[in-house]
Protein chains: 2
Amino acid sequence: MTEIVQFRELKRACGNCSLRELCLPYGIDQADLRLLEDLVQRLPPKTRGKALFVQGDPLKSIFAIRTGSVKSVTLGADGAEQITGFHFPGELVGFDAIAGEFHDCSAVALEDTSLCEIPFERLDELSGQVPGLRRQLMRLLSREIQQEQHLLLLLGKKGAEARLAAFLLSLSSRFAGRGLSPTRLHFSMARGEIANYLGLAVETVSRLFARFQQDDLIAADGRDVTLLDLPRLHAVAEVAPDATTSMSTRSKC
Amino acid sequence: MTEIVQFRELKRACGNCSLRELCLPYGIDQADLRLLEDLVQRLPPKTRGKALFVQGDPLKSIFAIRTGSVKSVTLGADGAEQITGFHFPGELVGFDAIAGEFHDCSAVALEDTSLCEIPFERLDELSGQVPGLRRQLMRLLSREIQQEQHLLLLLGKKGAEARLAAFLLSLSSRFAGRGLSPTRLHFSMARGEIANYLGLAVETVSRLFARFQQDDLIAADGRDVTLLDLPRLHAVAEVAPDATTSMSTRSKC
DNA sequence: CGTCCGCTTGAGCCTATTCAATAGCTGTGG
DNA sequence: CCACAGCTATTGAATAGGCTCAAGCGGACG
């Protein structure tokens, strides 16, 4: 009821959007901002489980998260799902598709989530006119690559404890970057989703939470988690399973 | 000696470069091609183990592979290395850095490798003028994301056999795309590098090669491998460890 | 010729998974 | 208001897949 009125009011208000520092390019000026605002469309909120887009969909839009959170999931040919990322307010989702014109993963809301939709075609055109925007897009694409490389390192080389510790610290710093507490976290994702993301079984994650509490690394109450000892968590996250892992080829250049 | 002469001749010859179909944007015309050629600099070949750039280096250039092959490696804080990708002729390396201005991984030659260097600053400027080039850059960035997502699925959800089978098939199709045989492969990477890439121990990879040969899936002679049964390899690659892995949240949108 | 490195193979161990049972939470309907 | 179904989370016991450790082999290179 009042919802509908709000949509009208909030539509096309990037200039006032509290997230403009996050999701808009740095060196963009007022005139360019107008152009960008015309592209952006506020969307009715998605509830938990609703998809922004599904793997295989043609690329139509990029989505900016205003509130809530979103997971990216890729589906294997055999039906196995791997969560490849979690996304929070101020972040953009949907970049995976640009290569093939089709989305290579699905994006699903983890909780009630409000979004802005940005038609890709027009964003692409605009990025030709506004160098700052083009740079920012590249930056975001590239940041996604870096995040995935970090996850690859985790899945390829770290044990279960290190994975969870790294995950907690990663959330901590991301939340802190948005002005939230770096130690008192609230999870929007289920244990099973954490497990999936980290390449572990649900039971393992549950046991790790228990162990971390015993060791006074964290205090957990369901999805509310307090990080008690960041230095030691960092230590746990950086456990090298074997220091002799030095690769065959040493670059002596 | 004669080498040096060749460099002069081959320098700035994108138009004649046999790889132009691969590493240049599709919709680029002759005039634009000239502009691009001016950016590109042929480099003296790197030998095995030499780095194109090292993690932490500021982003200066993108590299196009003409011949040979390259691996991307990210270093963890604890010294653990994870190979995040292998790159072959016609492919571009160095995109990871664009976000932070610094390279987030190292790129190292796997064998004698000849390269073209493309200064990023000027490529960026040019991409503002040539829409086709901008699109192609985005496509390449995004393709990198897709490849890493695929690897994430592998490391997070698949067992050792499936990982190796998927790896072999991936190389097969990439080689085939470059006009080589899809069944007779030659590896430029060591067993240890395959193992690292797949998140396995060297011994495991070795044992898997043996097992695959016993099962007549492949015939391996050192780094020369023949794929004998693609359909069954596909079957092995798509083993779902557990079909009940369906995630908590089902999107009913 | 000897050493080093890459690769393979064997044996035992350990981590994380699988299987199984229980408790908490939420929403639905009687 | 409570009972019931369905789902999330936790905990225990047994299994197994891949790792570590150890040894042997062959080729490359100084």
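Source: prediction; values computed, not measured.
Residues B:Glu238 and B:Arg163 are not paired through a salt bridge, judged by the lack of any N-O separation under 4.0 Å between the basic side chain and the carboxylate. The existence of a salt bridge linking B:Glu117 and B:Arg42 is excluded, since no basic side-chain nitrogen approaches an acidic carboxylate oxygen closer than 4.0 Å. Between A:Arg48 and A:Glu193 there is a salt bridge, since at least one side-chain N of the basic residue sits less than 4.0 Å from a carboxylate O of the acidic one. Using a 4.0 Å cut-off between charged nitrogen and carboxylate oxygen, A:Lys157 and B:Glu81 do not count as a salt-bridge pair.
Taking atom CZ on B:Arg48 and atom P on C:dC5, their separation rounds to 13 Å, with Å as the unit. What separates CZ of A:Phe187 from P of D:dA9 is a distance of 11 Å, to the nearest Å. Nucleotide D:dG18 holds its P atom 12 Å from the CG atom of B:Leu164, rounded to whole Å. Spacing between atom CG of A:Asn196 and atom C1' of D:dT8 amounts to 15 Å, rounded to whole angstrom units.
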**Study point:** Heavy-atom protein contacts under 4.0 Å, nucleotides 7-17 of chain C, coded B base, S sugar-phosphate only, - none
**Key:** SBBBB----SB
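In terms of heavy-atom proximity, A:Leu217 sits nearest to A:Leu233 at CD2-N, 4.1 Å.
Ring geometry, A:Tyr197 versus A:Phe86: the interplanar angle falls from 30° to 60°, so the pair is classed tilted.
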